[in-house]
Amino acid sequence: MKERLYELKRQALEQIGQARDLKALNDVRVAYLGKKGPITEVLRGMGALPPEERPKIGALANEVREAIQQALEAKQAKLEQEEVERKLAAEAIDVTLPGRPVKLGNPHPLTRVIEEIEDLFIGMGYTVAEGPEVETDYYNFEALNLPKGHPARDMQDSFYITEEILLRTHTSPMQARTMEKHRGRGPVKIICPGKVYRRDTDDATHSHQFTQIEGLVVDRNIRMSDLKGTLREFARKLFGEGRDIRFRPSFFPFTEPSVEVDVSCFRCEGQGCGVCKGTGWIEILGAGMVHPNVLEMAGFDSKTYTGFAFGMGPERIAMLKYGIDDIRHFYQNDLRFLRQFLRV
Ligand code: 2U9
């Protein structure tokens, strides 16, 4: 019986040594230590032994069982460790591999022009005020001296949500809102960039949605000469130091007097060319002194305070600067167009 036990131990340890995975190892465990296994069988057969032999064989059987158990545990730990290592190796990331190239986005040409203009005015002490595109009739029209039935409303036909709520037709409501917040006290010095909407048929120079940048300065002693100096500085920064500007009389309901502003042609230096249509001048802005009604409606005393305002279309500025011939290019997202404005 002793021999049989030693033989069982030898066989079991050999098979444990050969087990390649946890399943094979478990098969060995069941085969040797299971209830129907050979060791249990040996212990059952001890009844046939002389009584003095029984404790010795019993102790030996336990020893063999213990040895097999230990070998199983050690092998199991080894197989589990190998499994972890195999997984780690399979899932390893080679950090030395070159990365996949990331396609970088690029600012839209219109965004670039808007940011350039914002920066110019920030440099002159203005702050940027942005606000809602869905506006009330009051801020879009009434507060800007365009009461219901005013003929100039026709030029700014809009998209109405209700009788009193519409998509803003200009960024001017944001100036009116900002003035109101100042509760009759200057100075106000802001530019308002953003999207605006008009009920219009799209063509090369019209779009039902476009952008505007408007500016407003309200304080004591603000004069038209301040407006002219500001816009001349702006035109020179945007179109080159040699530029000059001129004012032509115009009409806007929210300014009085009102002017159209031309910049001397940056292509021909005022000689006359295709860009300026032979006149030497290019229209870039509208402007004027804030109408006393607008000041009063926003809570400013028009005897103490005066102000100037101006407005421009970034699309038009970008079209002039980059020689773009159709406003629709800005909104069609054609990469052949957009790639021409890659930031270098
Ligand atoms: C307040 C008071 C005055 C804003 C102004 C213009 C002149 C103007 C247009 C030019 C082309 C916009 O892009 S465009 O369509 N704008 O000519 N805008 S003065 O005057 C204001 C605004 C708000 C409270």
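Just follow the structure's listing: the first ligand is 1, and inside any ligand the first atom is 1. All values below were derived from every heavy atom in this structure, side-chain atoms included, with hydrogens, water molecules and symmetry-related copies excluded.
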Starting from [atom], find the nearest protein heavy-atom neighbour and note its residue, name and distance.
| atom | result |
| --- | --- |
| atom 12 (C) of ligand 1 | Gln212 NE2, 2.9 Å |
| atom 21 (C) of ligand 1 | Ala309 CB, 3.5 Å |
| atom 22 (C) of ligand 1 | Gln175 NE2, 3.3 Å |
| atom 18 (N) of ligand 1 | Glu214 OE2, 3.1 Å |
| atom 16 (N) of ligand 1 | Gly311 CA, 3.6 Å |
| atom 5 (C) of ligand 1 | Phe254 CE1, 3.5 Å |

Is a salt bridge present between [X] and [Y], judged by a nitrogen-to-oxygen distance below 4.0 Å?
| X | Y | value |
| --- | --- | --- |
| Asp326 | Arg328 | yes |
| Arg86 | Glu83 | yes |
| Glu269 | Arg243 | yes |
| Asp334 | Arg336 | yes |

Using a heavy-atom cut-off of under 4.0 Å, does the side chain or the backbone of Leu144 touch ligand 1, or both, or neither?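 Near ligand 1, Leu144 shows its side chain, while the N, CA, C and O stay back.
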
Mode of Ala298 contact toward ligand 1 - side chain, backbone, both, neither (heavy atoms, under 4.0 Å):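 It is neither; nothing of Ala298 touches ligand 1.
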
Taking Asn140 for the side chain and Thr169 for the main chain, is one N or O donor matched with an acceptor at less than 3.5 Å?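 A pair under 3.5 Å: yes.
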
Just list the side-chain donor-acceptor pairs under 3.5 Å for residues 16-25, sequence neighbours left out, or say none.
residue, atom, partner, partner atom, Å
Asp21, OD1, Lys23, N, 3.2
Asp21, OD1, Ala24, N, 2.8
Lys23, NZ, Asp27, OD2, 3.2

Element-labelled atoms of ligand 1 that are located less than 4.0 Å from some non-hydrogen atom of Gly313: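 Counting atoms of ligand 1 from 1, those under 4.0 Å from Gly313 are 13 (O).
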
side-chain hydrogen bond (donor to acceptor under 3.5 Å, both in side chains) against Asn333, all qualifying residues, sequence neighbours excluded: none

Just by distance, with hydrogens left out, do Glu315 and Ser207 show a side-chain donor and acceptor under 3.5 Å apart? no

Contact check: Thr255 vs ligand 1, nitrogen or oxygen atoms, below 3.5 angstrom: no

Please indicate whether any nitrogen or oxygen in Met312 is less than 3.5 Å from any nitrogen or oxygen in ligand 1. yes

